[in-house]
Number of protein chains: 2
Amino acid sequence: MVLDALDRKILAALQENGRMPLSAIAERAGVAPATVHERLAKLRAAGVVRGFEVNVDPHALGYTVTALVHVRVDLAAGLDKTVNELAAIPEVEEVHLITGEYDLVVKVRARDTVHLQELLLTRLHKVPGFVRSATEVCLTSPLERHGPLVKPD
Amino acid sequence: MVLDALDRKILAALQENGRMPLSAIAERAGVAPATVHERLAKLRAAGVVRGFEVNVDPHALGYTVTALVHVRVDLAAGLDKTVNELAAIPEVEEVHLITGEYDLVVKVRARDTVHLQELLLTRLHKVPGFVRSATEVCLTSPLERHGPLVKPD
DNA sequence: AATGAAAGTTGCATGAG
DNA sequence: CTCATGCAACTTTCATT
């Protein structure tokens, strides 16, 4: 799908505030609310807009530890199954297949280091095809946006 | 702030759909809409809810390449300044301070490999205190959630 | 594809329990 | 803290251009 300037204005507004009223977006973009409504429906239908999410502070949920776990897997064992099992873990937030020495990088949230150890030993290291892992612990995360910024140009 | 079962139900509903009407959340949680409204205001005020975001498919915006760039910096040069410059780059989506051989990991979206090279050479490698970097290119990203799942238990 | 108007929902403030 | 009520604001549909 090709995005025009109006589509990008709508997306940029929703990146600022995902619950912004369509009427407010319409005002910003200089069109009628009904137009925004129709555009948004098309963006949804085309898969450009996948959905809307709430941004919750992980600390408030009791998660104080973020870690990036690099995982090497036996690719012969069926990568899909491995990925699906990882994605089904509530504490797993991102799974990427990457180039390089490791095959996957998995972003994990844990309540504390004890919980992290438990996740690693009893969950991540037990997924199908697991070979070994290397973990980087995040001290702070100054930026955690969701998706690249839309340039409304 | 301490979250009770109702708070978690509200957050879980908003994780499914960040634009879900408060009335629908109220029905799911078995309370009045006004109650949800008040709880949400408190969750916002307490910083538990940081905001709402739209989840846009990066491919639709023309970003086909995702990369995790590990960066080693001269910490004496003022880490805050380094982080701020990175966070100001629109193509930068996450910045984490990590333990280990590198100091930062930066998640970047690029239109293509040419754009990635440009970002690395003309932007990331020019931030204050930059020493060296190592880049992992993401082939696919089967899971990209935003925050750990709230368990409504 | 965009609009304005109409009809149906929803959000929000108030006051009461 | 939770809820019921009422009004303002918002979303959605549809006929029109």
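Note on naming: letters A, B, ... go to the chains in the order of the sequence lines (proteins, then strands), and numbering restarts at 1 for each one. Atom set for the values below is all heavy atoms of this structure, side chains included, hydrogens, waters and symmetry mates excluded. Computed from a predicted structure; not experimentally measured.
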- Message: Is there a side-chain contact between B:Arg19 and the phosphate of C:dT10, meaning an N or O under 4.0 Å from OP1 or OP2?
- Response: no

- Query: Apart from A:Leu75 itself, what residues make up its hydrophobic cluster when side-chain heavy atoms of I, L, V, M, F, W and Y under 4.5 Å apart count as a link, directly or indirectly?
  - Reply: A:Val65, A:Val69, A:Val71, A:Val73, A:Leu79, A:Val83, A:Leu86, A:Ile89, A:Val92, A:Val95, A:Leu97, A:Leu104, A:Val106, A:Val108, A:Leu116, A:Leu119, A:Leu120, A:Leu124, A:Val127, A:Phe130, A:Val137, B:Leu139, B:Leu143

- Query: With sequence neighbours left out, what residues match B:Ser133 under side-chain hydrogen bond (donor to acceptor under 3.5 Å, both in side chains)?
  - Reply: B:His125

- Rounded distance in Å - CD (A:Glu27) to C1' (D:dT11): 16 Å

- Message: When you measure from the centre of the six-membered ring of B:Phe52, is the NZ or CZ of A:Arg19 closer than 6.0 Å and no more than 45° off the axis?
- Response: yes

- Message: Whole angstroms only, please: what is the CG-P distance between B:Asn17 and C:dT10?
- Response: 12 Å

- Query: D:dT11 P sits how many Å from A:Arg39 CZ, rounded?
  - Reply: 17 Å

- Rounded to whole angstrom units, what separation is found between the CG atom of A:Leu40 and the P atom of D:dC10? 16 Å

- Task: Please state how far atom CG in B:Leu14 lies from atom P in C:dT10, giving the value in whole angstrom units.
- Result: 15 Å

- Indicate whether the side chain of B:His146 and that of B:Gln15 have a donor and an acceptor atom separated by less than 3.5 Å. no

- Message: Any base atoms under 4.0 Å from A:Thr35, or only sugar-phosphate, or nothing? Heavy atoms, all strands.
- Response: base

- When clusters are formed by joining ILVMFWY residues with side-chain heavy atoms under 4.5 Å apart, either directly or through shared neighbours, do A:Leu6 and A:Met20 land in the same one? yes

- Item | Nucleotide C:dG11, atom C1' - distance to CZ of B:Phe52 in whole Å | 13 Å

- Query: B:Ala32 side chain: which of C:dA2, C:dG11, D:dA4 is closest?
  - Reply: D:dA4

- Message: Expressed as a whole number of angstroms, how long is the span from A:Ile10:CD1 to C:dA2:P?
- Response: 9 Å

- Query: Reading nucleotides 12-17 of chain D from the 5' end, what letters show protein touch, with B for base, S for backbone sugar-phosphate only, - for no heavy atom under 4.0 Å?
  - Reply: SB----

- Task: Ignoring hydrogens and angles, state whether a donor on the side chain of B:Gln117 or B:His115 is under 3.5 Å from an acceptor on the partner side chain.
- Result: no

- Nucleotide C:dA2, atom P - distance to CG of A:Asp7 in whole Å: 8 Å

- Which nucleotide sits closest to the side chain of B:Ser23: D:dC3, C:dG11, C:dA2? C:dG11

- Task: For the residue pair A:Glu136 and B:His70, confirm or rule out a side-chain donor-acceptor distance under 3.5 Å.
- Result: yes

